[in-house]
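Every chain is numbered from 1, with letters handed out A, B, ... down the list of sequences.
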Amino acid sequence: MPQGIELSNLDKVFWPAHGESPAVSKGDLITYVEEMAPVLLPALRNRPLTVIRYPNGTGGASFYQKDTPKYAPEWIRTITLHATQAKRDVRYVLCNDRRTLRWLANQAAIELHPWLSRVDRLERPDALVFDLDPPEGGFERTVQVALMVRELLRDNGLQAVAKTSGSKGIHVWAPLQRRYDYRTVRRTAERLAARLEAEAGDEVTTEFSKAGRGGRVYLDTGRLAPGAHMASVYSPRARPGAPVSFPVPWEDLSRVTPLDFTIASVPELVRADGDRWKDLMPAPQRLPEDLLAD
DNA sequence: ATCATCG
DNA sequence: CGATGATAGCGCTCA
DNA sequence: TGAGCG
Ligand SMILES: [Mn+2]
Ligand SMILES: [Mn+2]
């Protein structure tokens with residue numbers, strides 16, 4: 001049976017009940033990824049994938065997985081890349097079809113973290129991304145900073161979209177033509193981040209060390225690197241309430257909370273509105289010349 | 001979750 | 001046998 | 001070279 005995947009432990013609780021919302025089982029996770037495949041797969045296709053697995057649910061032990069295990073079915077597509085520091089080859093999963101999504105869910109791969117570049121141009125990310133990390137708790141503050149980042153990008157001729165990270169953060173995403181390597185895009189993002197920190201240093205920091213952040217929202221540009229990654233749009237998160245990273249139009253941002261978007265609520269939203277991420281996404285852009293100067 | 005290895 | 005360990009000791013920046 | 005970070 002080359003097609004079939006034996007699913008196991010479908011009733012195992014992966015997220016305990018949280019507030020009003022009931023527990024979410026492994027079976028619920030599998031149902032979610034299957035139903036969401038049409039919107040999930042475009043975000044994963046042809047991108048090296050890192051997953052975070054929770055074989056005993058989000059309350060249990062977890063581990064990152066980059067290298068595809070030997071016991072993976074032979075039809076799982078992979079790309080072999082060299083890990084510089086570890087000095088070894090790593091076979092990354094390419095999650096290009098529903099079957100692979102299903103297999104990953106059965107492997108308890110709850111979080112899906114694809115690269116920002118695709119296999120046919122691995123060194124060139126197709127977005128400039130800001131990962132906004134709040135100090136603790138404060139989604140409200142993150143929203144305000146996200147709106148500032150949007151203004152800053154717009155002042156520099158770049159359109160962007162936002163999604164909840166699923167945790168307390170926000171990802172601001174400016175799609176790019178694949179003309180620039182990671183280093184160039186990261187340097188540009190750092191330059192923009194420094195500018196925002198100069199203008200709004202009370203609310204925003206680019207400080208690497210936690211101690212220096214002092215309750216401010218951290219503008220993390222460190223995701224712009226080969227081998228780095230963040231949770232993809234529509235990816236479940238291993239957080240209380242089974243939240244999902246979800247696109248939010250700018251005008252709605254201050255009226256939502258991350259737990260509006262969960263494994264329980266999102267399929268219905270997608271049935272009603274379709275792939276909001278795709279629909280909100282501007283066309284791939286060039287970086288403005290004045291930002292590129294070394 | 002699954003396998004390799006160790007007692 | 002069952003128990004134990006491994007699965008990113010990554011990639012990057014700053015000190 | 002290593003600590004700290006995500
Ligand atoms: Mn984040
Ligand atoms: Mn971050």
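- OP1 and OP2 of B:dA1 both lie 4.0 Å or more from every side-chain N or O belonging to A:N56.
- Whole-Å rounding puts the A:I30 CD1 to B:dA1 C1' distance at 12 Å.
- The environment of CG in A:D273 is crowded: more than 12 heavy-atom neighbours from other residues, nucleotides or ligands sit within 6.0 Å.
- Here, C:dC10 and B:dA1 have their P atoms 26 Å apart, quoted to the whole Å.
- Nucleic acid contact class of A:K87 (heavy atoms, under 4.0 Å, all strands): none.
- Salt bridge annotation for A:D120-A:R178: present, with a cationic side-chain nitrogen under 4.0 angstrom from a carboxylate oxygen.
- Between the P atom of B:dC3 and the CD atom of A:Q65 lies a distance of 12 Å, rounded to the nearest Å.
- A heavy-atom distance below 4.5 Å is found between the side chains of A:P249 and A:R276.
- Nucleotides C:dG9 and D:dG2 place their C1' atoms 13 Å apart, quoted to the nearest Å.
- Side-chain N/O atoms of A:D181 and A:T184 include a donor and acceptor closer than 3.5 Å.
- Spacing between atom CH2 of A:W103 and atom P of B:dA1 amounts to 13 Å, rounded to whole angstrom units.
- Under the 4.5 Å side-chain criterion, counting only non-hydrogen atoms from C-beta, A:F246 is not in contact with A:V256.
- For C:dT7, the OP1/OP2 oxygens have no side-chain nitrogen or oxygen of A:K70 closer than 4.0 Å.
- Salt bridge absent: A:E199 and A:R195 never bring a charged side-chain N and a carboxylate O closer than 4.0 Å.
- The closest side-chain heavy-atom distance from A:L153 to A:R150 is not below 4.5 Å.
- Between the side chains of A:S117 and A:Y182, a donor-acceptor pair is found at a separation under 3.5 Å.
- The footprint of chain A on DNA chain D, defined by a heavy-atom cutoff below 4.0 Å, extends from D:dG4 to D:dG6.
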(request) Quick one, give me the B/S/- string for nucleotides 9-15 of chain C, reading 5' to 3', where B means a protein heavy atom under 4.0 Å from the base and S means that only happens at the primed atoms, P, OP1 or OP2. (result) SSBSB--
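- Judged by distance alone, the side chains of A:T31 and A:D28 never bring a donor and an acceptor atom under 3.5 Å apart.
- With P as the reference atom, C:dA6 and D:dC5 are 25 Å apart, rounded to whole Å.
- If you measure from atom OH of A:Y71 to atom P of C:dA6, you get 15 Å, rounded to the nearest angstrom.
- As rounded to whole Å, 8 Å separates atom P of B:dA1 from atom CD of A:Q107.
- In this structure, A:L7 places its CG atom 11 Å from P of B:dA1, rounding to the nearest Å.
- Between the CZ atom of A:R53 and the P atom of C:dA6 there is a distance of 16 Å, rounded to whole Å.
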